[in-house]
Amino acid sequence: MMYYPSAQDMHESIRRTISAMLVSDEEIIAIAKSDICHDVSYGNEYLLLTNKRLFVLSLEGKVLEETWLKDVNMATLKAHLGLCVLVLDTRLGVKNVLFFSPSKKRIFEKLVALINDLTLNAIPASEIKANLGKELRLREREGKRAILIRLLKFMKPFWPLVATAFTISIIARILGLLPPYLMAILIDKVLVPRSNFNLLIEIIAALLGINVISLILRTILNYVNLKLNLKLTYRFRLKLYEKLQFLSLRFYDRYSTGSIISRVSSDVERIKNFLTQGLQSMVMDLIAMASIGVILVTMSPWLTLLALLPIPVSLIGSTLYRRSASKYYHRLWKRWSDMISILSESLSAFILVRSLGREHRMITEFAHRLDRYNTANIEVFKYEQKFWPAIGLSFTLSSLLVWWFGGLQVLRDQLTLGALTAFTSYMWSFYGPINDLLSQVRSIPMVTTSSERIFEILDEDLEVTESPKAKEVQMKGAIEFKDVWFTYDGVHYALRGVSLRIKPGEHIGIVGPSGSGKSTLVKLLLRFYEPQRGRVLIDGVDIRDVKLEALKRQIAIVMQNPVLFDVSIAENIALGKKNATLEEIIAAAKAANAHEFIMKLPEAYDTKVGVRGRRLSGGERQRVAIAMALLKDPRILILDEPTSSLDAIAEREVSKAIENLTRGRTTIIIAHRLSTLRNVDRIIVLERGIIVEEGTHAELLRRNGLYKRLFDAQFEGFTRPIPMPIRRRKP
Amino acid sequence: MRGLKDWIAQLRILDPKRVKIVKADVDVVDVEICGRLYHNVKPRRPFPLTHPEYVIFFKEDDEEVGILRDYRKLDKESRAHLERVLNVIYFMPQVKRILSINTSGWTYKWLVETDKGIVNFETWSRCIRIIKGKKVIIYDIHGGVYCINDISKLDTRSLLWLSVLM
Ligand SMILES: Nc1ncnc2c1ncn2[C@@H]1O[C@H](COP(=O)(O)OP(=O)(O)O)[C@@H](O)[C@H]1O
Ligand SMILES: [Mg+2]
């Protein structure tokens with residue numbers, strides 16, 4: 001039996017009550033706990049979803065509500081201020097089933113989607129359970145250690161490089177341990193007895209040799225590390241990029257561009273730093289601490305004890321510091337962002353600032369925030385002064401103690417001067433690795449977060465995949481939507497049972513208030529998303545059985561704000577067809593009514609359009625997009641509000657281009673301006689995801705429905721005569 | 001039904017053998033096409049960077065006269081007339097040698113030797129466009145355009161300078 005999402009804390013007695021309630025072959029699919037009761041006070045109730053029924057139970061296990069799923073049409077959420085309600089639309093009427101706070105919204109959105117999958121979308125319970133199981137497994141795998149292990153596995157192709165790097169750095173470390181030892185010999189055998197000139201030369205030569213070899217090793221190590229860095233980031237970034245190319249649009253709805261970019265850039269960077277420098281230095285630090293520790297103890301156990309004294313002090317001190325310093329640093333950061341926010345506000349809203357005459361007030365406010373930032377800086381400084389000097393002092397004190405007792409031993413001839421110097425020098429190189437290790441360990445949580453963010457993308461399911469039996473299809477252009485239901489979030493349905501047949505070559509207009517699902521309808525045709533229920537057919541073939549490449553090749557879409565690549569106009573147009581000739585490009589531009597403006601540009605067709613095509617005006621960009629579509633010569637053409645962001649003149653230019661484009665092809669035009677629909681064969685009126693009217697312009701006007709209202713609203717100013725002042729003419 | 005094919009059929013592609021440029025006057029030419037004389041015709045390159053040989057003729061009123069796929073196939077005299085005009089309309093000195101590129105602030109100061117003489121100009125850092133991996137176009141801050149026809153023919157010192165910005 002599976003509990004989803006988290007209801008592990010459920011009392012055993014309720015579990016028993018529940019299992020007693022179930023009828024034969026009824027099984028639990030999900031259980032969720034609300035945080036607001038039926039009487040609108042804080043408290044918990046359980047929602048229990050089985051493959052047959054939906055229950056609401058009190059904490060004691062009393063059944064407060066019971067609904068058979070076969071009576072449910074669909075489930076939705078209603079969000080009030082600070083309170084959400086799960087609502088069931090049943091055959092017996094609308095039921096408010098459960099209350100909960102916004103913090104539980106995500107869980108219940110998931111549940112609503114589950115209920116709809118079981119009822120509206122008629123997905124078999126066994127399939128739903130299998131998918132839930134997959135999700136749970138994913139979640140379980142997300143343990144911190146598991147992620148680190150996965151990261152290490154990711155490094156597998158690079159183990160030879162890693163091993164080389166480790167070997168070199170171990171050798172370098174060992175070499176680094178030699179100089180203090182040689183110094184001890186130098187002092188004891190040469191400097192103090194003032195003899196052994198040859199030994200002096202040998203030792204100096206050895207020191208020189210060690211330095212040179214270390215230098216060479218370090219250079220090699222840096223090179224190996226660089227290679228490792230580059231290969232690692234290359235692999236991560238390429239994998240992410242590949243994945244991003246094939247993810248469905250649903251993914252892009254969920255993640256902002258900024259967050260995706262930061263994953264590909266800074267998260268990868270952080271992981272790289274950890275996997276190369278971080279991991280290496282952690283291992284090296286451990287080795288160094290162990291080896292220096294052994295050296296210290298063999299040289300003098302008593303002095304070692306003294307040398308270790310400041311370590312607990314600094315460990316405790318830095319932990320305390322970290323705990324309390326965070327608030328000072330957060331305040332500093334907050335004040336910095338306060339300052340930046342007023343700066344950016346005055347840049348973006350500068351017209352408002354000027355028109356209200358608020359310049360001086362903005363300056364005063366900015367100065368105030370600068371002040372606050374400075375104060376916070378000084379406080380950070382003051383705070384740090386309480387900690388670091390004390391810790392530094394403890395190190396100094398212990399080294400003085402070592403000199404005192406060590407010095408006494410030297411005076412008593414129990415220790416040589418050289419050994420004492422070597423000891424203190426080893427002692428200081430013992431402290432470095434400790435601090436280093438601590439800071440590396442502290443960075444691990446950030447690394448695991450970064451990895452989670454990256455694996456999240458790599459693990460994302462591809463929603464739209466090509467089925468193995470997908471075929472190449474030569475389209476005639478008949479389109480059919482069969483009882484299509486679609487939701488972006490599982491809760492609100494953008495399309496609710498849309499059925500529509502379009503004949504080859506027919507021109508269809510789609511109108512409706514914004515948000516009524518017009519764009520969604522055409523996105524399904526292009527398989528940007530999959531409908532939850534119902535089918536989309538082209539020439540009688542389910543589009544899921546059509547090769548994606550064939551689908552994209554034979555359908556063209558021109559959007560409201562077409563985005564162009566930052567290459568030349570000619571190259572953009574040529575995207576419509578492989579190996580397009582120069583004449584084809586020119587002809588397409590002429591048909592799209594674009595040739596004239598293009599030839600007026602100094603670089604004509606070789607003009608680069610700029611990022612997203614910004615160097616062209618909206619109407620010009622639109623016409624380049626139309627030329628591209630023309631060259632593509634698609635069987636099916638989709639125009640999604642192609643003229644609604646254009647002014648009247650540009651609209652006329654683009655409309656002419658559209659006329660050339662749509663001839664002889666199945667065309668769906670979504671239009672805001674009803675004048676764009678003059679020439680279509682049939683008009684579909686959508687409202688809240690449902691087709692409410694259908695017919696020719698004249699028929700729809702006669703019906704006096706939504707279309708008539710939309711039409712009247714648009715032409716209000718024109719249908720009424722405009723009162724004109726009467727001018728008296730002189731005879 | 002009028003598809004793209006009809007649009008292509010409508011293009012008036014000229015036969016270079018039947019085109020004579022009889023006069024050049026700064027930025028216009030007089031051209032005789034199939035025995036008919038057109039005055040003050042404006043030659044324009046639709047692809048000035050990628051296919052500079054491709055020329056479209058426009059009448060004074062911007063109506064298109066015809067397309068010449070490769071003006072280099074004209075007779076010698078016509079070609080000379082046309083090139084004189086094109087060199088005015090498309091003033092892109094050929095860079096022969098880059099003498100130095102120095103940074104100052106956000107811009108780069110170039111000193112180059114071109115077929116039109118030695119010139120210095122200033123560019124932003126994104127000022128280079130590579131056409132078909134061979135030809136390099138350099139744009140200066142003020143709209144001046146310079147061209148390296150074949151980057152592989154550039155001497156190594158110039159290449160080194162250029163690599164700073166590629
Ligand atoms: N990417 C999306 N993610 C979530 N909801 C969306 C998304 N796109 C559209 N919607 C919602 O779906 C509904 C229909 O949208 P859409 O098809 O764009 O309407 P239209 O094109 O008719 O204006 C709207 O309620 C809208 O908020
Ligand atoms: Mg839309």
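Values below: every heavy atom of this structure, side chains too, minus hydrogens, waters and symmetry copies. Keep in mind the model is a prediction, meaning the values are calculated, not measured. Lettering follows sequence order; numbering is per chain, from 1.
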Peer 1: Looking at B:Asp25, B:Asp62, B:Asp27, which hits salt bridge (charged side-chain N to carboxylate O under 4.0 Å, His left out) with B:Lys42?
Peer 2: B:Asp62
Peer 1: Quick check on the interface: out of B:Arg45, B:Arg44, B:Arg129, who has the most heavy-atom pairs with chain A under 4.5 Å?
Peer 2: B:Arg129
Peer 1: Output, in order, the C-alpha distance, side-chain angles, deciding distance and verdict of ring pair (Phe, Tyr, Trp, His ring centres under 6.0 Å) for B:Phe121 and B:Tyr146.
Peer 2: CA-CA 10 Å; B:Phe121 56 87; B:Tyr146 312 85; 3.9 Å; yes
Peer 1: If we define contacts as heavy-atom pairs under 4.5 Å, which of A:Leu631, A:Asp633, A:Leu630, A:Leu582 has the most with chain B?
Peer 2: A:Leu582
Peer 1: Scan side-chain atoms only and decide if B:His39 and B:Asp30 contain a donor-acceptor pair under the 3.5 Å cut-off.
Peer 2: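 Their side chains do contain a donor-acceptor pair, which is all the 3.5 Å distance test asks for.
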Peer 1: What part of B:Ile13 gets within 4.5 angstrom of chain A, counting heavy atoms only: side chain, backbone, both, or neither?
Peer 2: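 The answer is the side chain of B:Ile13.
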Peer 1: Measuring only between side-chain heavy atoms, which start at C-beta, is B:Ile141 closer than 4.5 Å to B:Trp124?
Peer 2: yes
Peer 1: Considering only heavy atoms, which portion of B:Ile89 lies under 4.5 Å from any heavy atom of chain A: side chain, backbone, both, or neither?
Peer 2: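 Answer is neither: B:Ile89 stays 4.5 Å or more from chain A.
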Peer 1: Testing A:Lys547, A:Lys552, A:Arg553 one by one against A:Glu549 for a salt bridge (charged side-chain N to carboxylate O under 4.0 Å, His left out), which residue passes?
Peer 2: A:Arg553
Peer 1: Is the closest side-chain donor-acceptor distance between A:Arg663 and A:Asn660 under 3.5 Å?
Peer 2: yes
Peer 1: Identify which part of B:Leu11 has an atom lying under 4.5 Å from any heavy atom of chain A, answering side chain, backbone, both or neither.
Peer 2: side chain
Peer 1: Mind checking side chain to side chain donor-acceptor pair (under 3.5 Å) for B:Tyr90 and listing every partner two or more places apart, or none if nothing turns up?
Peer 2: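 B:Tyr90: no side chain to side chain donor-acceptor pair (under 3.5 Å) contacts found.
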Peer 1: Just wondering, more than 12 heavy atoms not from B:Lys17 lying within 6.0 Å of its NZ?
Peer 2: no
Peer 1: Applying a heavy-atom distance below 4.5 Å, give me the residues of residues 593-604 of chain A that approach chain B, sorted by number.
Peer 2: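 Expected list: A:His595, A:Met599, A:Lys600, A:Pro602, A:Glu603, A:Ala604.
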